[in-house]
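Model, not experiment: these values are computed from the prediction. Chain A is the first sequence line, chain B the second, and so forth, proteins listed ahead of strands; every chain is numbered from 1.
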2 protein chains.
Amino acid sequence: MNAYERLTEYGIKPSVQRMAIMEYLMTHFTHPTADEVYMALCDTIPTLSKTTVYNTLKLFVDQQAALMLTIDEKNVHFDGDTSLHSHFFCRRCGRVHDLPYSGKKREARELLIEGHAVEEIHHYYKGICKDCSEAEKENKNFN
Amino acid sequence: MNAYERLTEYGIKPSVQRMAIMEYLMTHFTHPTADEVYMALCDTIPTLSKTTVYNTLKLFVDQQAALMLTIDEKNVHFDGDTSLHSHFFCRRCGRVHDLPYSGKKREARELLIEGHAVEEIHHYYKGICKDCSEAEKENKNFN
DNA sequence: AATTAAAATTGTAATCATTACAAACTTAAA
DNA sequence: TTTAAGTTTGTAATGATTACAATTTTAATT
């Protein structure tokens, strides 16, 4: 599936900017921030505005075509993989790693928990990631 | 247990400000933001600085005497209840509700997942809370 | 008690991610 | 081709958080 199809599938009218941003999310599983998306695309789309990146990512999230990760208190991260999975945030290098979802497999939508209508499930781990742990052992700095 | 004991237990040297902030966390389970803590205390401690509130909450989190919740992209929330439990963030009213932890009960500390050293486990739900759902049914606004 | 050093607190100013807003541009329909 | 609606853009504002240096407090020592 390409970016165009993905957008229309989620009821989003395609445009050059929207396709570029979706394409980026579909090919980079680094959980980028809005700024990282902007920096990656502003060379190929020189007229791109950061406001557009923010607006577009918000649109994707509203349409459930992307996930907004609030795992990092410094920056909001975005994830083009909307399947149910967990995340690990490394407080050393600041990266977000994917992990399989370890909770009960239940549907995110149409779920009531203690009377609250659940729309999203987020499962986060925080700590020091494998790369940073190994780098520390060797007295080296990762990054 | 009072605030003084709690602080010393977590290796934090007590002070008037620290005890007031810890006392607030121990008696209010509203998951306040730094600003809410400041606003609640600045009447009784008129010289209190917002910087002190930020520094102190960070100290509590570093010493694991409180949890930092990044569930809300607008504000960091704090939780004096460090036991393993889940949270529900209402995108309507912005409040954070407690929920029992539904995942596997495993120790947060000393846990390796795919090579990553886990220090914290966070389980978040997002959606519309019970109060807001009921208020909407009655065509009223909660808040 | 006076001296001193370390730690804690404070206020101000800076930072920086995000948003508001209005103008400019594009699209597609009429 | 006009019109309206939707989209993009740039600039300026917002607001939470942090940096920093000065002040105050604490606690140990003389």
Report summary line: The side chain to side chain contact (heavy atoms under 4.5 Å, CB included) partners of B:Asn55 (sequence neighbours excluded) come to B:Thr51
Could you state the atom-to-atom distance from [atom1] of [X] to [atom2] of [N] in whole Å?
| X | N | atom1 | atom2 | answer |
| --- | --- | --- | --- | --- |
| A:Asn55 | C:dC21 | CG | P | 13 Å |
| B:Leu7 | C:dA7 | CG | P | 18 Å |
| A:Phe60 | D:dT7 | CZ | P | 12 Å |
| A:Gln63 | D:dT7 | CD | P | 11 Å |
| A:Asn75 | C:dT15 | CG | P | 17 Å |
| A:Lys74 | C:dT15 | NZ | C1' | 11 Å |
| B:Lys58 | C:dA8 | NZ | P | 14 Å |

Choose from [options] the nucleotide whose nearest atom is closest to any side-chain atom of [X].
| X | options | result |
| --- | --- | --- |
| A:Ser49 | C:dT19, D:dT9, C:dT10 | D:dT9 |
| A:Thr51 | C:dT10, D:dT18, D:dT9 | D:dT9 |
| A:Thr56 | C:dT19, D:dT17, D:dT8 | D:dT8 |

Query raised in the report: Quick one: is C:dT19 close enough that its OP1 or OP2 comes under 4.0 Å of any side-chain N or O from A:Tyr54?
Result: no
Report task. Indicate whether OP1 or OP2 belonging to C:dT9 is found under 4.0 Å from a side-chain N or O atom of B:Lys50. Result -> no
Requested in this report: Evaluate the criterion side chain to side chain donor-acceptor pair (under 3.5 Å) for residue pair B:Asp35 and B:Thr33; output intermediate values, then yes/no.
Outcome: CA-CA 5 Å; B:Asp35 191 65; B:Thr33 64; 5.3 Å; no
Query - Least distance between heavy atoms, A:Ala40 atom then A:Tyr24 atom - result: CB-CE1, 3.4 Å
Query raised in the report: Quick one: are the ring centres of A:His116 and B:Phe88 less than 6.0 Å apart?
Result: yes
Query raised in the report: Do B:Tyr124 and B:His122 have ring centroids that are under 6.0 Å from one another?
Result: yes
Report task. Scan residues 13-45 of chain B against DNA chain C and write down, sorted by residue number, each residue with any heavy atom closer than 4.0 Å; if none is found, say none. Result -> B:Lys13, B:Ser15, B:Gln17, B:Arg18
**Report entry** A:Arg95 with A:Asp131: basic N within carboxylate O range, under 4.0 Å
**Finding:** yes
Requested in this report: Tell me which of B:Val53 and B:Glu73 sits closer to the 5' end of DNA chain C, going by the nucleotide each one is nearest to.
Outcome: B:Val53
Report task. Look only at the side chain of B:His87 and the backbone of B:Asp98, and say whether a donor-acceptor pair between them is shorter than 3.5 Å. Result -> no
